[in-house]
2 protein chains.
Amino acid sequence: MDQKALFNLLEANTQSMISNLSVDCVIFTIQEGKLKVLLTKLLPKLGWMLPGGFINKDEAADIAANRVLFQRTGVDNIYLHQFKIFSDPDRFSFQAFYDKLENQIKESVDLSKLSERVISIGYFALVDFESIHLTGGMFDEVTKWTELKLLPDLMFDHLEIINEALKALRKELHFKPIASNLLPEKFTMPELQSLYEIILDRLIERSSFQKRVLKWDIYERLEEKREGVAHKRPFLYRFDAKKYDIAISQGIRFGI
Amino acid sequence: MDQKALFNLLEANTQSMISNLSVDCVIFTIQEGKLKVLLTKLLPKLGWMLPGGFINKDEAADIAANRVLFQRTGVDNIYLHQFKIFSDPDRFSFQAFYDKLENQIKESVDLSKLSERVISIGYFALVDFESIHLTGGMFDEVTKWTELKLLPDLMFDHLEIINEALKALRKELHFKPIASNLLPEKFTMPELQSLYEIILDRLIERSSFQKRVLKWDIYERLEEKREGVAHKRPFLYRFDAKKYDIAISQGIRFGI
DNA sequence: ATTTCATTGTGATATTTTGACACAATGAAA
DNA sequence: TTTCATTGTGTCAAAATATCACAATGAAAT
């Protein structure tokens, strides 16, 4: 990530991009028992924000969201769930950016070419921390995972976008269980329970959790058990896409 | 509704509107035991479509949706739920409109001023048929309720928008019960059950339905009963907004 | 006037689901 | 060899749900 990305933003590449329509991605993961979200900066001197960017003129929003996320963070090919659009006329202004720039950069920017407002489409995703590899040499300076409860000041309305994303995620859990994205291929029941507890921010009783989850009949218990734990070894489970499709077609819900 | 609305659309009022961003409203109601949706035409000769229009430059999308719906149908001040955006680059083209116009109209339109694509924000609402009064002299010709299972050919991707709206409505039922909008102030349990059956398109057992619904503790039974029925008179109920707020704050869900 | 009959309120019962808790099994760490 | 946190699983009670039954109702039919 270098100044080129900033220029792309500020010029909004007026030939190929729609300068009044953007996407913003709220990427959740769980690490060290905490729910975290991926933040980026355009330049080290600018504030933290969500990875986002403008939609190309010939591009569907879902495609744009994946492209932008990849360009900004190296995160590639994940399922992004569109959850809300943010259309307050005052939510974003190029002027606010412009004012923070150094004079050298300002000279190369023509504000009059940019639209007066930007509407943004919010996407969220849940990803497995271990399988995500962030790119860019200036990692810590312009890209970081931040604990949801310890967010820094964010630019524009990005705090609101994150809050809405969390609400939408919790709703969506009823219709799409998390294990398909957030966990590695093989996982244990206690691990799955822990995810629910972290995302829903409340404790869940162990025995009834297991009974409820297994009744969905979308997880297959394997012969193997998790190795190297200092106590009884838990069974490994695997998400079964076929059983999941069957369950969905029967209108099952995944309430916890 | 006259040709002026059409001109507004085609010129997209370039001074005050964002010509690449629109809203479309899927208004559901139940009449004669059928789930119906509100369709409109811009002109009698043009095809059926959803009530929709462009967003003003200084306007939030939710406001635009209500304004557009009112202008096109006379339906005022209802809760519109934003459910999805439609961003396929080929989903809409002004050209398609243009080609269907008469020469006289064509001469007054400058296509080059219009954007090449339009992204639309989908809204849905559930309304009580009896309390809705459609305006406009050409009612049947340009505005009508249509049974969902007997939809005519629709312009653009509006069939897809309706299908997605129905999916979203069924999901949303878990978090927001319908009786607050779709029913008149006073209603009976069998009427409420009928709504669920129509919207979910399946039969529900009577006794357990009533027990489940009453356990939500958001409906208040009145002393009165429905008059003029040729059998036992059912009790009337009323939606209790305060109890509803309490229930919501406790994270209750309204699964059926 | 009387009977009919579809519909509703409600209870009885069985079944399923959930919650709370107990306890033996496990296996690395002490 | 012992310790001990964790896990799988069972038991039991409580709550929720499904199934069925039946009396009450009151306009419509006779």
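All chains are named by letter (A, B, ...) in the order of the sequence lines, taking the proteins before the strands, and each is independently numbered beginning at 1. No experiment lies behind these values; they were computed from the predicted model shown.
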| query | What is the distance, rounded to the nearest whole Å, between atom CD1 of B:Ile204 and atom C1' of D:dT19? | reply | 16 Å

| query | A:Ala230 has a side chain; which of C:dA28, D:dG8, C:dA20 sits nearest to it? | reply | C:dA28

| Considering Watson-Crick and G-U wobble pairs with both distances under 3.5 Å, what does D:dA23 pair with? | C:dT8

| note | 5'-most contact on DNA chain C (nearest-nucleotide basis), A:Val229 vs B:Glu191, goes to B:Glu191

| query | How many Å lie between CD on B:Gln193 and P on D:dT17, as a whole number? | reply | 15 Å

| message | Can you tell me if A:Arg206 touches the phosphate of C:dA22, counting only side-chain N or O atoms and a distance under 4.0 Å to OP1 or OP2? | response | no

| request: Please tell me if the side chains of A:Met49 and A:Leu39 come closer than 4.5 Å, counting only heavy atoms from C-beta onward. | output: no

| Rounded to whole angstrom units, what separation is found between the CG atom of A:Leu203 and the P atom of C:dG19? | 13 Å

| field | Whole angstrom value for the distance that separates P of D:dT9 from CE of A:Met189 | value | 11 Å

| Between B:Ser249 and B:Ile246, is there a donor-acceptor pair closer than 3.5 Å when you use the side chain of the first and the backbone of the second? | yes

| request: Give the minimum heavy-atom separation between B:Tyr79 and B:Lys176, together with the two atoms involved. | output: CE2-NZ, 4.1 Å

| How about B:Tyr123 and B:Phe83: are their ring centroids closer than 6.0 Å? | no

| request: Give a yes/no on whether any side-chain N or O of B:Arg221 is located under 4.0 angstrom from OP1 or OP2 of C:dT10. | output: yes

| request: Measure from CD on A:Glu223 to C1' on D:dG8 and round the result to the nearest Å. | output: 15 Å

| message | Need the pair for C:dC21. Rule: Watson-Crick or G-U wobble, both distances under 3.5 Å, any strand; none if unpaired. | response | D:dG10

| said: Looking at A:Glu185 and A:Arg238, is there a salt bridge between them, counting it only when a charged N and a carboxylate O are closer than 4.0 Å? | reply: yes

| field | Cation-pi, B:Trp48 ring and B:Lys144 (6.0 angstrom, 45 degrees) | value | yes

| Contact class for A:Arg226 vs. all strands (heavy atom < 4.0 Å): base, sugar-phosphate, or nothing? | nothing

Collect all protein-nucleotide pairs involving nucleotides 11-16 of chain D in which both atoms are nitrogen or oxygen and the distance is under 3.5 Å.
unit_1, atom_1, unit_2, atom_2, d
D:dT11, O4, A:Lys211, NZ, 3.3

| request: Hey, which sits more toward the 5' end of DNA chain D by its nearest nucleotide, A:Lys225 or A:His231? | output: A:His231

| request: Have a look at A:Tyr237 and tell me which of A:Glu224, A:Arg221, A:Glu191 forms a side chain to side chain donor-acceptor pair (under 3.5 Å) with it. | output: A:Arg221

| task | Would you mind reading off the distance between A:Gln210 atom CD and D:dT6 atom C1', rounded to a whole angstrom? | result | 13 Å

| field | Proximity to the side chain of A:Lys232 - top-ranked nucleotide from C:dA22, C:dA25, D:dA24 | value | C:dA25

| remark: Rounded to whole Å, the CZ-P distance (B:Phe235 to D:dT25) equals 10 Å

| task | Indicate whether OP1 or OP2 belonging to C:dG27 is found under 4.0 Å from a side-chain N or O atom of A:Arg233. | result | yes

| OP1 or OP2 of C:dT18 under 4.0 Å from side-chain N/O of A:Ser208 | no

| Pair A:Arg233 + A:Glu227, salt bridge at N-O below 4.0 Å | yes

| field | Closest nucleotide among C:dA29, D:dT7, C:dT8 to the B:Pro190 side chain | value | C:dT8

| query | If we call it a pair only when both distances are under 3.5 Å in a Watson-Crick or G-U wobble match, what pairs with C:dA30? | reply | D:dT1

| Can you tell me how far C1' of D:dT17 sits from CZ of A:Arg253, to the nearest Å? | 14 Å

